[in-house]
Amino acid sequence: QVQFVESGGGLVQPGGSLKLSCVASGSIRSIWLVGWYRQAPGKQRELVASINRFGQTNYADSVKGRFTISRDNLKNMVYLQMDSLNVEDTAVYYCNIPGATAWGQGTQVTVSS
């Protein structure tokens with residue numbers, strides 16, 4: 001099973017931007033769907049964005065218009081550009097395949113003034 005290592009998180013002020021990256025342990029070219037998930041303290045993990053192998057994307061309503069997911073099948077990378085961040089976006093962010101049972105460490109995103 002392909003596993004992912006996330007990076008790019010940090011502390012940002014409300015209204016700021018961050019770009020998250022994740023690198024896969026193997027080729028993602030044949031993987032149909034990859035997603036970015038997040039888990040805030042005391043809440044369940046949720047899917048915020050997904051992208052299929054043809055570049056078609058879907059977003060949770062809470063991030064639509066602010067987040068952009070992309071993938072580079074040659075580099076085995078998946079990205080999440082996050083703009084207009086607000087405090088509700090504070091969470092640990094993970095990259096993974098829907099239905100996967102193993103999860104990486106994630107990357108912490110904290111939005112605070």
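Just so you know, residue 1 is the first one in the sequence shown, and it goes up from there.
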Y93 vs F67 aromatic rings, parallel, tilted or perpendicular, using cut-offs 30° and 60°?
->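 It falls in the tilted class, 30° to 60°.
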Between [atom1] of [X] and [atom2] of [Y], what distance do you get to the nearest 0.5 Å?
X	Y	atom1	atom2	result
C22	F4	SG	CZ	5.5 Å
M82	L20	CE	CG	4.0 Å
Q39	W103	CD	CH2	9.0 Å
S25	Q1	OG	CD	8.5 Å
N96	S50	CG	OG	12.5 Å
K43	R38	NZ	CZ	8.0 Å

Write down the atom of [X], the atom of [Y], and the distance for their closest heavy-atom approach.
X	Y	result
A49	L80	CB-CD1, 4.1 Å
T57	I69	CG2-CG2, 3.6 Å
G26	V2	N-CG1, 4.0 Å

Answer yes or no: is there a side-chain heavy-atom contact under 4.5 Å between [X] and [Y]?
X	Y	result
Q105	V92	no
C95	V78	yes
T90	V109	no
Y79	K19	yes
R53	L33	no

L18-V63 co-clustered via ILVMFWY side chain contacts under 4.5 Å |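 Per the 4.5 Å side-chain linkage, L18 and V63 are co-clustered.
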So, does T110 use its side chain to make a donor-acceptor pair with the main chain of L11 at under 3.5 Å?
->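 Between the backbone of L11 and the side chain of T110 there is no qualifying donor-acceptor contact (under 3.5 Å).
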Ignoring hydrogens and geometry, is there a side-chain-to-backbone donor-acceptor pair from N52 to Q56 under 3.5 Å?
->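 Between the backbone of Q56 and the side chain of N52 there is a qualifying donor-acceptor contact (under 3.5 Å).
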Please determine, by modelled atom types, if S17 and D83 share a side-chain donor-acceptor pair under 3.5 angstrom.
->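 Short answer, yes.
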Considering the options K75, M77, R71, which one meets the side chain to side chain contact (heavy atoms under 4.5 Å, CB included) requirement together with N73?
->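 With N73 as partner, K75, M77, R71 yield a single side chain to side chain contact (heavy atoms under 4.5 Å, CB included), made by R71.
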Tell me whether the centres of the aromatic rings in W36 and Y59 are closer together than 6.0 Å.
->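 For W36 and Y59, the ring centres are not under 6.0 Å apart.
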